[in-house]
Student: 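So that we are looking at the same thing, I have put the structure below in structure tokens.
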Amino acid sequence: MNNRLDRNTSGQFEIFYSILVAVLIPLIIIISAFLNSRFTASDNDKYQKNNAIIISNVITTAISNNINQRSLLLQQIISYQTSNPDITKVTVARPLDQAKHYVITESSDTAEIALDKQDINYDLVLSSKKSLSELIIKNNDKYWQVIRPVIQDNRILAIVTVDLSTSKADALQHSTLIKSLVVMTVMILIIVILLINDILFLEHAISPKIINNEHEQENLEQNKL
């Protein structure tokens with residue numbers, strides 16, 4: 001009797017273990033894919049930030065060399081935006097005598113030219129004399145904004161703002177993620193089908209053995225009697 005229970009328990013355990021494996025393997029794949037997408041998004045943001053800083057540095061250096069030639073500056077700014085569609089806006093603001101007050105003297109958005117502006121980020125750049133980068137999400141637009149000072153003789157002559165859109169890189173990342181999810185879904189379906197077939201095969205293989213063993217045990221008990 002005990003042997004019969006042991007065999008039944010062993011068979012049930014094998015079936016339970018197979019079901020557990022069938023659940024865990026797809027779950028592990030899904031968790032791995034989720035973590036990978038998070039890491040990829042983080043790396044993509046870092047790459048775009050570094051790219052924005054490099055582009056801003058190049059533009060600011062060029063503007064610094066022509067800071068007093070305003071007509072040439074505007075042509076430069078427009079040419080930068082035309083040559084790189086990811087650059088959504090380039091602005092040159094100059095600090096006025098009043099504290100925390102600036103005027104936009106050149107901009108790829110000509111409607112902003114000659115506008116007065118107050119911006120806490122400009123204040124930070126002016127006081128620290130260091131660049132500032134920030135990821136901005138506004139009105140369904142996502143872009144890196146880099147603000148750099150134009151310094152000559154230890155004096156800030158202007159502040160250059162470069163906005164670099166992330167839309168193309170984000171679209172590429174989204175497309176890659178969708179393709180990965182499709183491949184992962186197909187893999188999970190194949191694995192689940194194989195594991196289900198394995199469970200069914202295991203159940204069919206174990207059941208006759210258990211029945212035969214029970215008959216043998218019953219015959220042995222009857223012979224003893």
Side-chain angles (χ1 to χ4, degrees), residues 35 37-174 177:
L35 293 176
S37 66
R38 294 293 298 270
F39 294 147
T40 301
S42 177
D43 291 341
N44 183 51
D45 285 340
K46 290 178 183 177
Y47 170 78
Q48 292 183 71
K49 178 182 178 180
N50 291 335
N51 188 40
I53 290 173
I54 292 171
I55 291 175
S56 171
N57 186 36
V58 171
I59 292 175
T60 303
T61 301
I63 289 175
S64 177
N65 294 333
N66 300 294
I67 193 65
N68 295 318
Q69 302 180 45
R70 296 193 173 182
S71 59
L72 180 59
L73 277 184
L74 186 57
Q75 294 177 7
Q76 274 187 318
I77 288 171
I78 294 174
S79 68
Y80 289 138
Q81 188 175 15
T82 304
S83 62
N84 189 343
D86 290 335
I87 300 175
T88 56
K89 187 165 67 173
V90 180
T91 301
V92 178
R94 301 175 192 252
L96 299 177
D97 293 335
Q98 302 96 323
K100 299 181 180 180
H101 199 69
Y102 312 86
V103 62
I104 297 175
T105 54
E106 293 84 22
S107 176
S108 56
D109 183 1
T110 54
E112 289 189 346
I113 295 177
L115 291 178
D116 291 343
K117 185 170 183 178
Q118 290 180 302
D119 192 321
I120 189 171
N121 288 334
Y122 283 11
D123 299 338
L124 292 172
V125 171
L126 189 66
S127 60
S128 65
K129 295 183 179 181
K130 296 180 180 180
S131 63
L132 178 69
S133 58
E134 182 181 10
L135 181 62
I136 297 177
I137 302 174
K138 183 171 62 175
N139 298 329
N140 295 324
D141 292 329
K142 180 182 173 185
Y143 58 92
W144 276 101
Q145 184 178 84
V146 184
I147 305 173
R148 302 182 72 91
V150 175
I151 302 175
Q152 290 184 2
D153 299 326
N154 202 32
R155 179 167 165 261
I156 294 181
L157 301 181
I159 295 175
V160 179
T161 303
V162 178
D163 295 345
L164 192 71
S165 174
T166 66
S167 58
K168 287 185 179 179
D170 289 343
L172 179 61
Q173 179 187 342
H174 181 71
L177 179 60

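Computation of the quantities below employed the complete heavy-atom set of this structure, encompassing side-chain atoms and omitting hydrogens, waters and symmetry-equivalent molecules.
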Student: Do the non-hydrogen side-chain atoms of R155 and L157 ever get within less than 4.5 Å of each other?
Tutor: yes
Student: The criterion is side-chain contact (heavy atoms from CB on, under 4.5 Å); which residues satisfy it with D163, sequence neighbours excluded?
Tutor: T88, K89, Y143, Q145, T161
Student: Please report the interatomic distance CG(N66) to CD1(I77), rounded to the nearest 0.5 Å.
Tutor: 10.5 Å
Student: From T60 OG1 over to I151 CD1, what is the distance, rounded to the nearest 0.5 angstrom?
Tutor: 10.5 Å
Student: Do N154 and K129 make a side-chain contact, defined as non-hydrogen atoms from C-beta onward lying under 4.5 Å apart?
Tutor: yes
Student: What distance separates I87 CD1 from T82 OG1, expressed to the nearest 0.5 Å?
Tutor: 9.5 Å
Student: Step by step, work out the side chain to side chain contact (heavy atoms under 4.5 Å, CB included) result for I63 and L73.
Tutor: CA-CA 6 Å; I63 289 175; L73 277 184; 3.6 Å; yes
Student: For the atom pair OG (S79) and CG (L74), what is the distance rounded to the nearest 0.5 Å?
Tutor: 9.5 Å
Student: List in chain and number order the residues that pass ring pair (Phe, Tyr, Trp, His ring centres under 6.0 Å) with Y122, two or more places apart in sequence or in another chain; answer none if no residue qualifies.
Tutor: Y102
Student: Which residue in the set L164, V146, I147 passes side-chain contact (heavy atoms from CB on, under 4.5 Å) when paired with S133?
Tutor: V146
Student: Rounded at 0.5 Å granularity, tell me how far CG in D86 sits from OG in S167.
Tutor: 6.5 Å
Student: With S64, which residues qualify under side-chain contact (heavy atoms from CB on, under 4.5 Å), at least two apart?
Tutor: V150, Q152
Student: Determine the minimum heavy-atom distance between A158 and P95, stating which atoms define it.
Tutor: CA-CD, 4.2 Å
Student: Looking at S108 and Q81, would you say the former's side chain and the latter's main chain have a donor-acceptor pair under 3.5 Å?
Tutor: no
Student: Under the rule for side-chain hydrogen bond (donor to acceptor under 3.5 Å, both in side chains), what residues qualify as partners of T166, not counting sequence neighbours?
Tutor: D170
Student: Find out whether D45 and K142 are in side-chain contact, i.e. whether some heavy atom of one side chain is under 4.5 Å from a heavy atom of the other.
Tutor: yes
Student: Under 3.5 Å, which donor-acceptor pairs link side chains of residues 46-58 to any protein atom two or more places apart or in another chain?
Tutor:
{"unit_1": "Q48", "atom_1": "NE2", "unit_2": "N44", "atom_2": "OD1", "d": "3.4"}
{"unit_1": "N50", "atom_1": "ND2", "unit_2": "K46", "atom_2": "O", "d": "3.3"}
{"unit_1": "N57", "atom_1": "OD1", "unit_2": "R148", "atom_2": "NH2", "d": "3.4"}

Student: Is there a donor-acceptor contact under 3.5 Å from the side chain of K130 to the main chain of P149?
Tutor: no
Student: Does any part of the side chain of E106, heavy atoms only, come nearer than 4.5 Å to the side chain of I113, both counted from C-beta?
Tutor: no
Student: Between the side chain of N139 and the main-chain N/O of D141, is any donor-acceptor distance below 3.5 Å?
Tutor: no
Student: If you apply the rule side chain to side chain contact (heavy atoms under 4.5 Å, CB included), what do you find for D116 with H101, and how did you get there?
Tutor: CA-CA 7 Å; D116 291 343; H101 199 69; 3.6 Å; yes
Student: To the nearest 0.5 Å, how far apart are CG in N121 and CD in E134?
Tutor: 5.0 Å
Student: Residues in side-chain contact (heavy atoms from CB on, under 4.5 Å) with L115, at least two apart?
Tutor: E112
Student: Are D109 and I104 close enough that some pair of their side-chain heavy atoms sits under 4.5 Å apart?
Tutor: no
